[in-house]
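Numbered from 1 within each chain, the chains take letters A, B, ... in sequence-line order.
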2 protein chains.
Amino acid sequence: MEADKLLRKHNLRVTGFRKEVLALFNQRSAAVDSRTIEKHLQPADRVTVYRTLRTFEDSGIIHRIPDPTGAVKFALCNDGCNDLAHHHSHAHFHCNTCAMTICLDGHGQMPIDLPSGYTANDIQTIVCGVCAACNRAT
Amino acid sequence: MEADKLLRKHNLRVTGFRKEVLALFNQRSAAVDSRTIEKHLQPADRVTVYRTLRTFEDSGIIHRIPDPTGAVKFALCNDGCNDLAHHHSHAHFHCNTCAMTICLDGHGQMPIDLPSGYTANDIQTIVCGVCAACNRAT
DNA sequence: TTGTTAATGCAACAGTGTTGCATGTGTTTT
DNA sequence: AAAACACATGCAACACTGTTGCATTAACAA
Ligand SMILES: [Mn+2]
Ligand SMILES: [Mn+2]
Ligand SMILES: [Zn+2]
Ligand SMILES: [Zn+2]
């Protein structure tokens, strides 16, 4: 979606920086971390990057993807997410070689037995392995 | 397993600090983070805590459990893990209320379709919700 | 018991993310 | 179009997590 429309739809002010961040998300197929935004949108203040990411996440524009190394990345939400709730049921893939992370759309979750008294809100699955590019390079 | 035997089995020197860390893991059913070890085993040097955790992880004594908030916790490996490889196929539960994390043993993983050329080594599943204690407290 | 090797403690540092506050900009109202 | 308002940004300072180098101490083998 057009950056202007997307921001207005989520009741956010349309600023140059936010449009640039959205453009960066759109031109990348992989998930993006704050450092990448900071470097790519020079000169970008680290604080502004973090606040923008938090605003986008709180508004339902992007979702947070922690990878198994402890790093945190973000990707655009497909649709239907807003300030009230995110609803994703997709897994993520993390490449152990190049650290790239992508969303894996289109498959459900296996039911999981929980101990008595426990309730589940959300199930997050991270598949770790080697991506196509890194497999070819081997 | 006895701390001494466990350490020797993994070719690690038996030190007081390592035995105390293992005792802490044994007396807790939930996963443990570095901060907890540091506070509980006063006076414990932060660097020593991190190096001990890394050594234990590299040796196959504990495994790393990143939770969706970005925090990292650790839990004892059941068995069969060593310095060459960890083999776990269990999910983890993270309580959104009290931030407690536990291992969920005894169930497999659903097969996941990957894009062409991608290969998977490991699948990590994190179930987020509310634990029994927090549900009762509501 | 002696010597070798590894573990620990301390200091300093890097990276990530946060807060307070002043200033600038987008949006709405008049 | 101008003014007023609310919010976004930039800067400085800080907290937290984790790492590295180096000197000292402790484990263990000979
Ligand atoms: Mn995703
Ligand atoms: Mn586990
Ligand atoms: Zn890769
Ligand atoms: Zn809880």
Which one, D:dT9, C:dT19, C:dT27, comes nearest to the side chain of A:R54?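 Of all the options, the side chain of A:R54 is nearest to C:dT19.
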
Please report the distance, rounded to the nearest Å, between [atom1] in [X] and [atom2] in [N].
{"X": "A:N11", "N": "D:dA8", "atom1": "CG", "atom2": "C1'", "result": "16 Å"}
{"X": "B:K39", "N": "D:dT17", "atom1": "NZ", "atom2": "P", "result": "10 Å"}
{"X": "B:D45", "N": "D:dA26", "atom1": "CG", "atom2": "P", "result": "15 Å"}
{"X": "A:R51", "N": "C:dT18", "atom1": "CZ", "atom2": "P", "result": "10 Å"}
{"X": "A:D4", "N": "C:dT27", "atom1": "CG", "atom2": "C1'", "result": "14 Å"}
{"X": "B:R35", "N": "D:dA15", "atom1": "CZ", "atom2": "C1'", "result": "11 Å"}
{"X": "A:R8", "N": "D:dC7", "atom1": "CZ", "atom2": "P", "result": "16 Å"}
{"X": "B:E38", "N": "C:dC10", "atom1": "CD", "atom2": "P", "result": "12 Å"}

Between B:V47 and B:R13, which residue's closest nucleotide on DNA chain D lies nearer the 5′ terminus? B:V47

Return the 5'-most residue of the pair B:A71, B:L12 with respect to DNA chain D, ranking by each residue's nearest nucleotide. B:A71

Would you say the rings of A:H92 and A:H63 are close, in the sense that their centroids are separated by under 6.0 Å? yes

Below the 4.0 Å mark, does D:dT19 have OP1 or OP2 next to a side-chain nitrogen or oxygen of B:Y50?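 For D:dT19, OP1/OP2 do not have a side-chain N/O of B:Y50 under 4.0 Å.
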
Residue-phosphate contact under 4.0 Å: A:T15 side-chain N/O, D:dT9 OP1/OP2: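 It does, given that an N or O in the side chain of A:T15 lies less than 4.0 Å from OP1 or OP2 of D:dT9.
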
Quick check: closest heavy atoms across B:H87 and B:G80, and the distance to 0.1 Å? CE1-O, 2.7 Å

Donor-acceptor contact present, side-chain B:H86 to main-chain B:C77, <3.5 Å: no

Comparing B:A44 and A:R64 on DNA chain C - which has the more 5′ nearest nucleotide: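 Mapping each residue to its closest nucleotide by heavy atoms, the 5'-most match is B:A44.
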
Short side-chain donor-acceptor distance under 3.5 Å, B:D33 and B:T36: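 Their side chains do contain a donor-acceptor pair, which is all the 3.5 Å distance test asks for.
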
Distance-only side-chain donor-acceptor flag, A:N135 / B:T119, under 3.5 Å: yes

Tell me what [X] touches on the nucleic acid: a base, only sugar-phosphate, or nothing, going by heavy atoms under 4.0 Å.
{"X": "A:T55", "value": "nothing"}
{"X": "B:R18", "value": "sugar-phosphate"}
{"X": "A:T52", "value": "sugar-phosphate"}

So, under a plain 3.5 Å distance rule, would you say the side chain of A:R46 forms a donor-acceptor pair with the base of C:dG15? no

